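Have a look at the structure below before the remarks.
Keep in mind it's a predicted model, so treat the numbers as computed, not measured.
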Amino acid sequence: MRAVWLREFGEPGVLVAGEAPEPVPGAGEVLIDVEFANLTYVETQFRRTGFGPFRGELPMVMGNGVGGVVLAAEDGSLVGKRVVSSLRGSGGYAERAVAPAGNVLEVPAGLGLDDAVALLADGRTALMLIRAAALTGGERVLVEAAAGGVGSLLVQLAKAAGAEVLAAAGGPEKLALAKELGADVTLDYRQPGWAEPVDVVFDGVGGQIGRAAFEAVRPGGRVFVFGQASGEAADLEDAEARGVRVERGPLAKPEEMPVLARQALTEAAAGRLRPVIGQRFPLDRAADAHAAIEARSTLGKTLLEVR
C-alpha cells in the first residue's frame, strides 16, 4: 500500500511517499480503508523536532487521525461502516490503518466523511475549551487564530453561548472567514495596537500575539491556552498579579475525549457546527501540506485525500 514515511526529523521534505507493509489488525483493533487523514500543527512540530505527544521509532508512518470505511473488525457490525478514529500517534498517512476499536466513532448520517475527519481532533478540543470557559451571556471573548481549525470552531461555539466574539487573525481573507462564521469584531493582529479589552482569551498562537491578547484581559478574566502556532509560548508569568486566571491543557480526562469527539460530530450533523476545510492535498503531497500549515497560509482545516 501507499504511505508517507518519516525517516528523519527536519523540514517538510523529509516526508516521502512510498510503499509500506499492509497493516494487520490484532485483538481489539479495527482495519480502516482510509479516505482522509487529519493534519494538525502538532504533527508538523513532531516532524521537525521529534518532540510532542507522539511516540515512534524512525522510520515511521506519521498520522494520528483518519476517516474511512471499516474493512475488518471483531465486531462484525462495524464492517462497511463509515468511521473516524484516532490512532496511536502513527500510521495515518496511509491507504489503510489499524485503530483501537475503542477509538472508533461511526459517522452520523448526513455528515460528510471529510467533515467528520476535520472535526475529529479540532472539534473535541474546541468543545473542551468552551466547556472549561463556562461562558456567560454578554462576555467579550477573543479567539486567536480565528480562521484556523480550532479557532473557526471556537468562534461559532462562543457565539452560540451568547458571547460577543472578537476574532483575531492575520490578513483580510482570514478575517472575512471569521466574520462569516459569526464574529462580531475582527482584529488583524499584524497591526499595532490590535487588541481590545476582553473577559476571555483563547490563545492558540502564543508569543507576542498571545502576550498582547493577555494584556487586554480585564481583571478577573480568563486565558485558555491551546497552542503556540508562533513557535513559542506567551509570557503570562504576571497573571496572578493582574488577577487573570490562566488554564493550560489538558482540560479533559482521556476517557472524555471520544465523548467530546462524538458530540462534535453530532453537532455538525445537526447543522449547529460547521468545520471549515480550506485545503486538501493528495497523500503523496503530505510534505506540501505540512509546509502550508507551517507557513500559516492555510484557512480552517487541512486534510490529506487518500482516495
Side-chain angles (χ1 to χ4, degrees), residues 40-42 118-119 121-170 174-175 177-190 194-236 239 242-252 257 260 263-264 267 273-276 296 298-301:
T40 65
Y41 180 75
V42 173
L119 286 165
D122 291 352
R124 67 191 178 208
T125 299
L127 286 169
M128 174 181 67
L129 289 163
I130 287 291
R131 182 182 69 176
L135 300 177
T136 60
E139 285 191 303
R140 296 193 99 206
V141 175
L142 173 60
V143 179
E144 298 171 22
V150 176
S152 60
L153 299 174
L154 285 171
V155 167
Q156 299 172 64
L157 292 168
K159 185 66 177 177
E164 180 185 4
V165 180
L166 287 70
K174 293 183 177 182
L175 295 176
L177 172 60
K179 190 73 172 178
E180 179 189 341
L181 294 173
D184 299 288
V185 178
T186 57
L187 304 168
D188 190 334
Y189 45 43
R190 302 180 306 179
W194 61 271
E196 295 186 9
V198 292
D199 303 295
V200 177
V201 166
F202 292 112
D203 175 22
V205 179
Q208 294 182 352
I209 290 171
R211 176 66 195 186
F214 167 69
E215 290 176 350
V217 179
R218 296 163 174 152
R222 296 97 76 200
V223 175
F224 296 88
V225 179
F226 67 94
Q228 49 186 56
S230 66
E232 60 180 0
D235 176 10
L236 309 180
R242 294 189 59 240
V244 175
R245 176 165 61 94
V246 175
E247 296 283 355
R248 307 176 192 271
L251 299 173
M257 292 303 185
L260 290 166
Q263 182 184 348
E267 290 295 296
L273 190 62
R274 171 192 161 194
V276 176
R296 297 175 65 181
T298 57
L299 286 174
K301 193 66 183 174

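When all heavy atoms are compared, the tightest approach of L153 to P275 is CD2-CA, 4.1 Å. Listed here is the closest heavy atom pair of A133 and R222: O-NH2, 2.6 Å. For the pair A213 and V201, the tightest heavy-atom approach, listed with the atom from each and the gap, is O-CG2, 3.7 Å. Here the closest non-hydrogen pair linking A121 and T40 is CB-CG2, 4.5 Å. Residues A146 and V155 come closest through the heavy atom pair CB-CG2, 3.9 Å. Contact between V141 and A158 at its shortest, heavy atoms only, is CG1-CB, 4.3 Å.
Here L187 contributes atom CG and I209 contributes atom CD1; the two are 11.5 Å apart, rounded to the nearest 0.5 Å. A distance of 12.0 Å separates CG in L260 from CD1 in I130, rounded to the nearest 0.5 Å. The distance from the CG atom of L236 to the CZ atom of R242 is 9.5 Å, given to the nearest 0.5 Å. Residue R211 holds its CZ atom at 14.0 Å from OG of S230, rounded to the nearest 0.5 Å. Interatomic distance, CG of L157 versus CD of E267, reported as 8.0 Å (0.5 Å rounding). Between the CG atom of L135 and the CG atom of L129 there is a distance of 10.0 Å, given to the nearest 0.5 Å.
Judged by distance alone, the side chain of K301 and the main-chain N or O of G148 form no donor-acceptor pair under 3.5 Å. A donor-acceptor pair under 3.5 Å links the side-chain atoms of R140 to the main chain of P197, judged by distance alone. In terms of modelled atom types and a separation under 3.5 Å, the side chain of D199 and the main chain of G221 share no donor-acceptor contact. A donor-acceptor pair under 3.5 Å is formed between the side chain of Q156 and the backbone N or O of S152.
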Evaluate the criterion side chain to side chain contact (heavy atoms under 4.5 Å, CB included) for residue pair V198 and V217; output intermediate values, then yes/no. CA-CA 5 Å; V198 292; V217 179; 4.3 Å; yes
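Note on residues 195-235: pairs passing ring-ring contact (aromatic ring centres under 6.0 Å, His included), not counting sequence neighbours, are F202-F224.
Between D188 and K174 there is no salt bridge, since none of the side-chain N atoms of the basic residue sits less than 4.0 Å from a carboxylate O of the acidic one.
With sequence neighbours left out, the side-chain contact (heavy atoms from CB on, under 4.5 Å) criterion links Y41 to T44, Q45, I293.
Remark: Q208 CD is loosely packed, at most 12 non-hydrogen atoms of other residues, nucleotides or ligands lying under 6.0 Å away.
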